[in-house]
Amino acid sequence: MTAKPRTGILLLNMGGPSTLDEVHSFLFRLFTDRDLMRLPWQQRLAPWIARRRTPAIKEQYRQIGGGSPILKWTNFQGERMAALLDEKCPESAPHKAYVAFRYAAPLTETAMGQIMQDGVQRVVAFTQYPQYSCSTTGSSMNELYRQQQKLDPEGKVRWSVIDRWPTHAGLIQALAERVQAKLDEYPVDERHKAVILFSAHSLPMSIVTRGDSYPIEVSATAEAVMARLNHSNPYRVVWQSKVGPLPWLGPAPDTALKGLAKQGHRNVVLVPIAFTSDHIETLFELDKEYGHLAQELGIDGFKRAEALNGSSTFIRAMADVVSEHLAKGESISTQFKMRCFLCPNEQCATTRNFFAGNKFPTSPATNKAG
Ligand SMILES: C=CC1=C(C)c2cc3[nH]c(cc4nc(cc5[nH]c(cc1n2)c(C)c5CCC(=O)O)C(CCC(=O)O)=C4C)c(C)c3C=C
Ligand code: FES
Ligand SMILES: [Fe+2]
């Protein structure tokens, strides 16, 4: 019999439909999420948009193999991370990874149910978005708070939060390895001329200007990766996947590719930087749409860096992030305490107060949870 987990690590992410049949419910949850977007008449409009968008998005998932690989990768990363943590931190072992997706199975309530059933009393909520945005990690944390209130009203579980890790040395090393592997594919005399385009999901300008920290954290990750590579190549950050008619943060990858082609660049490496596994936006948008555009523009040395997926450097980084967090004994980060200047959502305050109020002994060795 396996021992009861002493420390749970709850991996938070948006998730994706594992099968084509799940596409509609995924989109439905996404468009009804008021932490992600606020639409007029959202209760009525969201189901309509979700239904209308389902066929096109289904087709994209069909073209990348019939579903999102995010659950497979998150389980893989989580299991290996927990094994590394058992070796690194025997005082808080055994560790067990749980997965809470915001828009697809396993949902937060499922993960909370498992945690309660296992009787785990100490859990780290660990966002799998390295860069913080209220539209992503913020939404997952608000949902975790709501489910905690419902499923653990007595507060049996003691929580702490890893809400961002944009410049963690292990993450930067893992990304640098992915970039270097692509650069190594060019002939030696051309390699230094390749332009590195770090690509992150864009944000509506209304979210940027209310004070979301995502754009600066994504930029910090990109700069740290290039510093790790001794600034061997020129780079920029581009913002992909704008949805709807309102203004979003740019430049988009197609603007960058067109400009670079005009200036005579022939070698471009596109690097997904804000998502730690493959998803339609790497496999469909970056590879199929931008790969095709690059060919049309004469950028014949176009390459896309592999997502972190099964990178052992990345999985070691995850374990390091958690072990450093456990050693610090902090419930939430200084950055997480502060809200956006124009936050429209009182829930953000409630969530922060709840997770900040959990106090821990600094050493997990004195944790009586197990
Ligand atoms: C760090 C990554 C992401 C941020 C920030 C983000 C913000 C954001 N997204 C939308 C609207 C949509 N996103 C959709 C899909 C989607 N979003 C991300 C990541 C981030 N989103 C990913 C990885 C995916 C795809 C999932 C996959 O499996 O590949 C969609 C659905 C697809 C579509 O209809 O086009 C929408 C809609 C908003 C409004 C937003 C910030 C407010
Ligand atoms: S939207 Fe950013 S703190 Fe509420
Ligand atoms: Fe998105």
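No hydrogens, no waters, no symmetry mates; every other heavy atom, side chains included, goes into these values.
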Identify whether [X] and [Y] are in the same connected component of the hydrophobic contact network (ILVMFWY, side-chain heavy atoms under 4.5 Å).
X: W48; Y: L30; answer: yes
X: F302; Y: L293; answer: yes
X: L36; Y: L45; answer: yes
X: I280; Y: L20; answer: yes
X: I216; Y: I207; answer: no

Backbone N/O of [Y] and side chain of [X]: donor-acceptor pair under 3.5 Å:
X: T54; Y: A50; value: yes
X: S25; Y: E22; value: yes
X: Y61; Y: G16; value: no

Nearest non-hydrogen partners of [X] and [Y], listed with the distance:
X: L11; Y: G78; value: CD1-CA, 3.7 Å
X: Y186; Y: R191; value: O-NH2, 3.0 Å
X: H95; Y: L326; value: NE2-CD1, 4.3 Å
X: T7; Y: V120; value: C-CG1, 4.1 Å
X: D152; Y: K156; value: OD1-N, 2.8 Å
X: L39; Y: F31; value: CD1-O, 4.3 Å

Side chains of residues 248-277: which donor-acceptor partners sit under 3.5 Å, not counting sequence neighbours?
residue, atom, partner, partner atom, Å
W248, NE1, V243, O, 3.0
R266, NE, G298, O, 3.3
N267, ND2, E190, OE1, 2.9

For a 4.5 angstrom cut-off between non-hydrogen side-chain atoms, does [X] reach [Y]?
X: R228; Y: V179; answer: no
X: R102; Y: D33; answer: yes
X: M81; Y: F126; answer: yes
X: I70; Y: F101; answer: yes
X: S206; Y: L246; answer: no
X: C134; Y: R210; answer: yes
X: M37; Y: S135; answer: no
X: P5; Y: Y98; answer: yes

Task: Cationic N near anionic O, under 4.0 Å, E109 to K150 - done: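 No, E109 and K150 are not salt-bridged.
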- [ ] For the pair W165 and H168, name the ring-plane relationship: parallel under 30°, tilted 30 to 60°, perpendicular over 60°.
- [x]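 Ring orientation of W165 relative to H168: perpendicular.
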- [ ] Apply salt bridge (charged side-chain N to carboxylate O under 4.0 Å, His left out) to D278 and R304, showing your working.
- [x] CA-CA 12 Å; D278 272 316; R304 199 263 292 173; 3.5 Å; yes
Task: Pair W159 + F354: ring centers closer than 6.0 Å - done: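 No, they do not, as the ring centres are separated by 6.0 Å or more.
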- [ ] Name all residues meeting the side-chain hydrogen bond (donor to acceptor under 3.5 Å, both in side chains) criterion together with R352; count only those two or more places apart in sequence or in a different chain, and write none if there are none.
- [x]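 Only Y132 meet the side-chain hydrogen bond (donor to acceptor under 3.5 Å, both in side chains) criterion with R352.
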Open item on the list: Does H231 form a side chain to side chain donor-acceptor pair (under 3.5 Å) with E223? I'd like the steps, not just the answer.
Closed with: CA-CA 9 Å; H231 288 279; E223 172 55 31; 3.1 Å; yes
Task: Intermediate values then yes/no, side-chain contact (heavy atoms from CB on, under 4.5 Å), S140 and T127 - done: CA-CA 8 Å; S140 285; T127 185; over 6 Å; no
